[in-house]
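Residue numbers start from 1 in every chain, and the chains themselves are labelled A, B, ... in the order their sequence lines are given, proteins ahead of strands. In this text the structure is predicted, and so the values were computed from the model without any measurement.
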Amino acid sequence: MPRAAAHRCPTMASEAELKAAGEKYVPKDYDPALYKTRHSLAHVLAQAVTERFPNAKPTIGPPVEYGFYYDFDLDAQPTDADLNWIADRMRQIIKGKHAFKVREITAAEGRELFKDNPYKLELIDGLTNGQDEYGNSAAGAAPLLTVYQQDTFVDLCRGPHVETTRDLDPKAFKVTQVTGSYWRGDEKNKGLRRFHATAWASEADLKAHLERVEEAARRDHRKLGRELELFSNEPVFGSGFPMLLPKGATVRRLLEQFITDYERQAGYQHVYTPDAAKKELYRISGHWEHYKDSMFPPMDLGEGGQEWDELCLRPMCCPHHIQVYKAKPRSYRELPIRIAELGKMYRYERSGVVGGLSRVRCMTLNDAHLFVRPDQVKQEIAGVLALMKKSCADLGISEFRFRLSKNDDPATAAKGKYVDNPEMWESSTRMLREVLTESGMPFFEAWGEAAFYGPKIDVQVKDVMGREETLSTIQADQHLPEQFKLEFKDSDDTPKRPVMIHRGVISTMERMMSYLIELYAGAFPVWLAPVQVGIVPIADRHFEYASKIAADLRAKDFRVECDLGDKRMNAKIREFQLQKLPYVLVIGDKEMEAGAVAVRLRSGDDLGAKPVAEFEALLEQVVKSRTLKLVP
RNA sequence: GCUGCUGUAGCUCAGCUGGUAGAGCACCUCCUUGGUAAGGAGGAGGUCAUGGGUUCGAGUCCCAUCAGCAGCUCCA
């Protein structure tokens with residue numbers, strides 16, 4: 001608690017002290033100046049919104065990655081005209097050069113001040129009971145209540161803020177949209193209206209950000225998926241069941257070959273297990289208890305039998321791979337046993353979350369379960385991390401971060417989400433943390449992100465719209481071995497329980513494809529390109545030679561299209577270019593005579609005429625190296 | 001699932017306060033045989049997402065369903 005200034009009430013801190021106290025709320029990796037700008041603009045927005053909608057009740061309005069939002073309890077549906085009015089009004093307020101004044105209040109004062117706003121009253125109650133503004137327990141949170149005021153608008157707020165609205169650039173923010181949200185993020189609570197805005201230090205920064213957003217829209221895998229004929233969604237299949245068109249299927253097949261080759265080399269054994277099983281299996285595994293909401297309803301086949309005989313589409317492969325382990329008695333000498341499958345699984349995702357390839361209801365995971373002795377766990381996890389790094393390097397994925405995903409913070413844990421076995425959680429989490437620490441890779445920890453049966457190491461990437469997704473995941477599991485009474489015979493002739501490591505290295509084929517499409521903006525590296533070479537004969541008389549070259553390249557396992565249409569060569573080149581083919585071979589009289597092809601690159605560069613054999617050698621080398629470059 | 005927005009030809013989109021559907025590209029035919037990002041002419045193609053309702057009359061208004069988009073929540 002800051003000490004009081006001499007000339008003021010002894011329990012009250014000075015304005016300077018209060019402002020200083022606010023500074024510590026800037027997150028570690030957030031630019032403090034930008035944080036204050038956005039936080040202050042949120043208050044300016046709230047003032048404008050409450051002027052436009054006098055019934056709107058402000059709730060919370062924090063800075064976020066690209067700007068800020070502010071949630072209001074508001075029954076009206078704001079229109080574009082309202083948003084424009086609000087943005088204009090914000091600029092006016094900014095030009096009014098109002099100071100952000102802070103003062104400390106008592107809880108009683110706060111309850112009087114915000115008596116018409118139940119949300120602020122709830123915040124005050126929480127803050128005085130050691131919670132943060134999200135209702136989470138915040139150990140050591142100062143029981144200090146402050147209000148900030150600019151112009152006519154007063155808000156309960158811990159700061160920090162800029163000194164005056166003069167520090168805000170009226171041209172460096174944009175109110176982007178209004179969407180729905182819930183008080184405290186809980187759908188059981190009242191729906192709120194969230195005003196989103198992006199805000200930057202300068203007009204130039206704002207412009208740059210808006211350009212990045214446009215570029216992201218151009219890279220959107222759903223748009224490119226249609227344009228490049230990779231996949232489509234058909235209403236008759238239903239939401240979340242995309243179909244892969246031939247070109248998308250080619251990319252997927254190449255990814256599958258790529259990863260299964262690496263797995264075989266790393267000592268994995270591949271299996272095929274059924275996509276469905278009796279409910280009994282998921283009763284034992286705990287999925288029925290903890291994961292039912294994400295499963296499709298069981299099928300009653302009308303064959304009689306008990307309830308547990310009903311058939312379920314599998315939401316995960318782990319119980320199935322356990323059956324592989326259990327297929328015969330195991331000795332400590334056999335372990336680790338690494339069971340892998342491109343496992344198809346079905347999850348009943350809520351309708352509002354499915355879309356494109358990144359979130360689907362039927363997915364194929366690059367899945368594997370390692371059954372290991374306790375003394376092998378760390379070494380095997382390290383092996384998985386190595387495989388993951390190698391795969392990411394080949395796929396060109398360089399921007400990711402590791403997350404140690406833990407079960408719920410014991411302080412706020414809800415029952416039922418995770419299996420109840422504190423010791424198991426503690427030891428598994430410690431194991432994963434040790435591996436991460438020893439690997440020397442930076443990571444962060446997060447509560448509430450674990451699988452129901454154990455903690456995870458997740459590899460987090462961002463999609464082109466800035467949304468974070470999990471690609472790879474590694475999980476240490478002592479729960480399922482227990483549930484299924486897995487055993488191996490140890491060297492001392494006693495039965496022991498193995499540990500299971502669950503891992504997906506290149507994620508689901510669907511999500512990996514969506515990620516790669518966006519990463520490469522549809523211009524895949526040659527080894528992954530669905531069509532590698534487009535052939536453009538200049539005139540009819542070159543068709544035969546062009547077709548022969550296409551056939552030869554195909555026979556050597558390259559992916560080729562030859563355009564025998566009656567369009568002009570310029571149009572054919574343009575078409576291949578728009579389809580982002582790495583190479584276009586132009587064939588006319590000169591090439592035919594010389595047994596050559598004229599090589600045009602996706603970059604627009606022209607390599608000129610090359611003997612066919614020379615081009616084939618080039619292609620082979622580029623494919624083999626998995627480079628993104630078009631020439632070795 | 002919830003809050004909101006959207007659904008017109010294969011794609012991108014016009015279509016006013018309700019009066020009976022249009023463009024460009026793609027496609028097909030013909031002409032053109034062209035040297036590195038669109039040659040020309042003609043033609044075909046839509047029960048306006050689906051099902052109800054209001055109305056003399058619905059692409060247009062209302063309701064439901066399906067699908068898509070943004071956000072919340074969830075997640076590989």
Side-chain angles (χ1 to χ4, degrees), chain A residues 69 71 74 77-80 176-196 220 222-223 226-227 229 232-240 291 293-294 315-316 343 345 347-361 363-367 405 417 448-449 451 456 458-461 465 467-473 502 504-512 514-515 536-543 565-578 584-591 598-601 604-609:
Chain A
Y69 67 79
D71 284 350
L74 169 61
Q77 171 61 33
T79 61
D80 285 350
T176 50
Q177 60 174 350
V178 185
T179 64
S181 67
Y182 299 95
W183 172 239
R184 299 243 147 113
D186 187 335
E187 66 187 24
K188 290 188 206 74
N189 291 337
K190 174 137 201 228
L192 306 174
R193 304 222 184 267
R194 176 167 295 182
F195 287 71
H196 299 258
D220 189 319
R222 294 165 296 192
K223 177 178 151 70
R226 186 170 53 241
E227 289 172 0
E229 296 178 17
S232 72
N233 275 291
E234 298 302 320
V236 276
F237 289 149
S239 193
Y291 207 73
D293 288 348
S294 295
M316 294 186 192
M345 47 209 204
R347 297 186 185 172
Y348 185 69
E349 302 285 350
R350 304 212 286 177
S351 62
V353 305
V354 297
L357 286 181
S358 55
R359 206 63 193 278
V360 295
R361 284 174 164 169
M363 67 212 89
T364 301
L365 183 65
N366 160 232
D367 207 356
S405 302
K417 191 174 166 194
E449 299 286 356
K456 307 190 282 176
D458 288 324
V459 178
Q460 300 299 109
V461 298
M465 304 305 284
R467 287 173 293 213
E468 194 164 73
E469 288 175 335
T470 302
L471 274 190
S472 313
T473 176
H502 307 234
V505 164
I506 61 165
S507 186
T508 60
M509 298 304 116
E510 291 79 11
R511 180 166 287 181
M512 180 51 79
S514 75
Y515 182 77
V536 174
I538 291 178
D540 294 9
R541 63 180 175 281
H542 312 121
F543 280 13
D566 76 341
K567 281 179 298 205
R568 312 181 61 156
M569 65 166 286
N570 289 339
K572 293 179 183 179
I573 289 170
R574 178 170 189 272
E575 187 51 38
F576 283 140
Q577 189 75 35
L578 290 173
V584 171
L585 306 183
V586 176
I587 287 166
D589 291 336
K590 284 183 283 185
E591 288 75 20
V599 183
R600 183 190 205 278
L601 305 181
D605 294 331
D606 189 349
L607 295 189

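The listed nucleotides are rA67(B), rA37(B), rG1(B); the one nearest the side chain of L578(A) is rA37(B). Comparing rG68(B), rU36(B), rC74(B) against the side chain of V586(A) picks out rU36(B) as the nearest. Looking at the side chain of I538(A), the nearest of the listed nucleotides rA70(B), rU36(B), rG35(B) is rG35(B). The side chain of T179(A) has rG71(B) as its nearest neighbour among rG34(B), rG71(B), rU36(B). Here the side chain of S239(A) is nearest to one of rG68(B), rG39(B), rA76(B), namely rG68(B). Checking rC31(B), rA70(B), rC75(B) against the side-chain heavy atoms of D566(A) singles out rC31(B) as nearest. Checked against rU33(B), rG68(B), rA37(B), the side chain of D540(A) finds its nearest nucleotide in rU33(B). When each of rU33(B), rA38(B), rC69(B) is scored by its nearest atom to the side-chain atoms of R574(A), the top-ranked nucleotide is rA38(B). Distances from the side chain of E349(A) to the nucleotides rC74(B), rU36(B), rG34(B) place rC74(B) closest.
For E187(A) against rG1(B), a side-chain-to-base donor-acceptor contact under 3.5 Å is present. Put simply, the side chain of Q460(A) and the base of rA76(B) share no donor and acceptor less than 3.5 Å apart. Remark: the R347(A) side chain and the rC75(B) base include no donor-acceptor N/O pair separated by less than 3.5 Å. One donor-acceptor pair, N or O on each side, does fall under 3.5 Å between the base of rA76(B) and the side chain of T508(A). Under 3.5 Å, the side chain of N570(A) and the base of rU36(B) form no donor-acceptor pair of N or O atoms. Between the side chain of D293(A) and the base of rC75(B), no donor-acceptor pair of N or O atoms lies under 3.5 Å. No donor-acceptor contact under 3.5 Å links the side chain of R350(A) to the base of rC74(B). Side chain R193(A) to base rC72(B): no donor-acceptor pair is found below 3.5 Å.
The pair K456(A)-D458(A) counts as a salt bridge, with a side-chain nitrogen and a carboxylate oxygen less than 4.0 angstrom apart. Salt-bridge check for D71(A) with R194(A): passed, with a basic side-chain N closer than 4.0 Å to an acidic carboxylate O. A salt bridge links R541(A) with D589(A): the distance from a Lys NZ or Arg NE/NH1/NH2 to an Asp or Glu carboxylate oxygen falls below 4.0 Å.
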Inset, instruction - Quick one, give me the B/S/- string for nucleotides 10-17 of chain B, reading 5' to 3', where B means a protein heavy atom under 4.0 Å from the base and S means that only happens at the primed atoms, P, OP1 or OP2. - result: -SS-----

Legend entry - Dot-bracket encoding per residue of RNA chain B, Watson-Crick/G-U cut-off under 3.5 Å, | denoting interstrand: (((((((..((((.....[..)))).(((((.......))))).....(((((..]....))))))))))))....

Inset, instruction - Could you walk me through whether L585(A) and V599(A) pass the side-chain contact (heavy atoms from CB on, under 4.5 Å) test, one step at a time? - result: CA-CA 5 Å; L585(A) 306 183; V599(A) 183; 3.8 Å; yes

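No side-chain heavy atom of T364(A) sits less than 4.5 Å from a side-chain heavy atom of T508(A). Side-chain contact between M509(A) and M363(A): absent, with no pair of heavy atoms (C-beta onward) separated by less than 4.5 Å.
Proximity of K567(A) to the phosphate of rC27(B): a side-chain N or O atom is located under 4.0 Å from OP1 or OP2. Taking side-chain N and O atoms only, R568(A) has no distance below 4.0 Å to OP1 or OP2 of rG40(B).
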